[in-house]
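Contents: one structure, followed by commentary.
By convention here, the first residue in the shown sequence is residue 1.
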Amino acid sequence: MEICCVCQQPLDAPVFESNAAVSITSLCQVLEGHTRVWHCAYCGHTQTTPLPSLEKFYAEDYHILINSEEEDQLYAAREGGNIYRTEHQVATLLDKCNIPKGAQLLDYGCGKASTLKALCVQREDIVPHVFDVGEQYRQFWDTFVPAENQAVNVFPEEWSSRFDGIVSFFALEHVADPRAFVTKVHHLLKEEGMFYFLVPNPYANTADLVVCDHVNHFSESSLRCLLAGVGFEVKSIDSSVHNSAWVILAEKRDPVKPKKVGSSVDGEVEQMAVYWSEFGDRVRSFERSTEGESAIYGSGFYGTYVNVCLEDPEQVVCFLDQNPHRQRQELMGKPIIAPDALPESVGRLYVGLNPGVAREVLDALDWGRELEVFYP
Ligand SMILES: [Zn+2]
């Protein structure tokens with residue numbers, strides 16, 4: 001039986017199950033296996049059954065943005081310069097948190113730890129520490145974190161109750177046991193130490209529901225349930241300062257027995273599940289009603305998902321992406337190019353973007369000709 005990994009209540013039946021035996025990761029790899037999503041009406045949490053092939057994915061493929069030091073994800077394309085995810089995360093962190101002078105700070109599940117590194121440039125007084133589950137990031141850590149402040153897989157004994165603050169950027173959604181994760185964070189913090197973290201908000205970006213390596217899809221109530229359950233006082237849960245993410249600030253307290261938190265997201269989760277159940281048919285129906293060469297706008301999860309849904313993906317000649325880092329790469333054997341380099345021969349465009357922003361993004365573009373457009 002499936003159990004809610006936040007509140008431990010038994011779960012009934014999946015709210016979503018992919019039709020095809022393929023699933024897509026947040027890094028746009030296609031894995032074997034059905035995606036199964038469950039919703040807990042008790043605490044409001046939604047979770048995906050981890051695929052057997054995920055372990056291999058983390059061991060071999062999950063080297064997020066490891067190609068270079070500068071590589072970063074585009075946060076927003078603005079006139080006057082693109083904003084990258086790392087600089088936005090530093091600005092938000094400094095705005096939200098009062099980090100004491102000389103703070104002992106840990107980035108938990110840090111990857112390259114680019115945000116912590118950029119933070120330490122602005123705040124030289126901070127003593128940085130890093131933790132992750134693989135050795136592959138050492139070369140990045142070594143540029144700014146002393147070896148004794150780095151840990152892989154196991155925490156040194158002397159880190160117990162050491163930290164003034166622990167930060168975590170998009171790690172908790174990947175973890176099969178989020179309670180164990182936040183319990184550990186609680187243990188490593190000083191009394192009243194702060195825990196600041198970001199996780200995806202599926203209610204702002206519906207793709208999160210079907211990204212197969214995101215085990216956890218948090219709602220505000222499941223976040224509160226999780227944190228209160230291990231002894232955190234929630235200071236704020238903000239859904240507006242970072243696109244499609246929850247930004248959470250909590251403080252360590254003594255554990256108290258959590259009270260039941262009502263769920264108000266059942267209907268929204270149901271709607272998202274229906275959306276994704278019908279998505280493939282919508283793509284194929286557009287595909288059949290039009291013809292000729294096509295392109296997919298967006299080389300992230302949505303773009304990959306569209307490509308996987310197509311009956312004849314050979315018709316797609318390229319992906320379009322505004323992120324210059326993406327433009328040097330390929331996706332599913334096709335080049336990723338800048339939108340203004342769209343070949344004249346292409347008459348059909350699939351928009352592979354968050355449906356919440358797709359029209360706004362497309363309206364701002366001028367192709368200089370008519371295109372047949374599929375909106376997600
Ligand atoms: Zn639950």
Side-chain touch Trp246/Asp238, heavy atoms, less than 4.5 angstrom: no

Lys112 charged N/C atom sitting above Tyr137 aromatic ring, 6.0 Å / 45°: no

From CA spacing to verdict: side-chain contact (heavy atoms from CB on, under 4.5 Å), Ser345, Glu293: CA-CA 7 Å; Ser345 54; Glu293 284 189 8; 2.7 Å; yes

Separation of His217 NE2 from Phe16 CZ (nearest 0.5 Å): 10.0 Å

Step-by-step side chain to side chain donor-acceptor pair (under 3.5 Å) determination, Asp213 to Thr25: CA-CA 5 Å; Asp213 55 319; Thr25 71; 4.6 Å; no

Between Ser294 and Gln315, a side-chain donor and acceptor under 3.5 Å: no

Shortest non-hydrogen contact between Ser244 and Asn354, atoms and distance: OG-ND2, 3.9 Å

Same apolar cluster: Leu353 and Val346, side chain cutoff 4.5 Å: yes

Non-hydrogen side-chain atoms of Asn307 and Val316 separated by less than 4.5 Å: yes

Smallest separation among heavy atoms of Pro100 and Asp125, with atom names: O-OD2, 3.9 Å

Path from Val215 to Val182 over hydrophobic side-chain contacts below 4.5 Å: no

Donor-acceptor contact present, side-chain Ser23 to main-chain Gly33, <3.5 Å: yes

Pair Asp107-His129, side-chain donor/acceptor within less than 3.5 Å: no

Nearest-0.5 Å distance that lies between atom CG in Asp164 and atom CG in Leu189: 9.0 Å

Asn149 vs Val127 side-chain heavy atoms within contact, under 4.5 Å: yes

Arg85 to Phe170 six-membered ring, cation-pi geometry met (6.0 Å, 45°): yes

Donor-acceptor pair, side chain of Trp276 and main chain of Thr206, under 3.5 angstrom: yes

Val234-Leu223 co-clustered via ILVMFWY side chain contacts under 4.5 Å: yes

Ring center gap for Trp159 and Phe131 short of 6.0 angstrom: no

Pair Glu372-Arg348, salt bridge (charged side-chain N to carboxylate O under 4.0 Å, His left out): steps then yes or no: CA-CA 5 Å; Glu372 296 194 82; Arg348 301 192 281 175; over 6 Å; no

Contact summary for Arg369 and Leu342, nearest pair of heavy atoms: NH2-CD2, 3.5 Å

Minimum side-chain heavy-atom gap Phe218-Leu226 below 4.5 Å: yes

Heavy-atom side-chain proximity of Glu17 to Val37 below 4.5 angstrom: no

Straight-line distance of Phe374 CZ to Cys309 SG, nearest 0.5 Å: 8.0 Å

Ring centres under 6.0 angstrom apart (Phe197, Phe169): no

Under-4.0 Å salt bridge between Arg253 and Glu233: yes

Contact check, side chains of Leu105 and Pro128, non-hydrogen atoms, under 4.5 Å: no

Residue among Glu173, His45, Gln47 satisfying side chain to side chain donor-acceptor pair (under 3.5 Å) with Asn216: His45

Glu220 side chain to Asn201 side chain, donor-acceptor N/O pair below 3.5 angstrom: no

Donor + acceptor pair across side chains of Ser160, His187 (<3.5 Å): yes

Tyr108 and Val167, any side-chain heavy atoms less than 4.5 Å apart: no

Under-4.0 Å salt bridge between Asp177 and Arg179: no

Salt-bridge present (Arg138, Glu135; N to O < 4.0 Å): yes

Minimum heavy-atom distance between Cys43 and Ser221, given as atom pair plus value: O-OG, 2.7 Å

Under 3.5 Å donor-acceptor, Glu87 side chain and Ile83 backbone: no

Trp141 vs Cys110 side-chain heavy atoms within contact, under 4.5 Å: yes

Gap between atom NZ of Lys117 and atom CD of Gln122 - 0.5 Å precision: 14.0 Å

Separation of Asp340 CG from Leu320 CG (nearest 0.5 Å): 9.5 Å

Asp142-Gln139 side chain donor-acceptor pair, cut-off 3.5 Å: no

Distance (rounded to the nearest 0.5 Å) between Ile126 CD1 and Leu116 CG: 7.5 Å

Residues His39 and Thr46: side-chain donor-acceptor under 3.5 angstrom: yes

Closest non-hydrogen atom pair, His34 against Leu51: O-CD2, 3.3 Å

Ring centre gap for His186 and Phe195 strictly below 6.0 Å: no

Distance-minimising heavy-atom pair for Ser161 and Lys252: OG-NZ, 4.4 Å

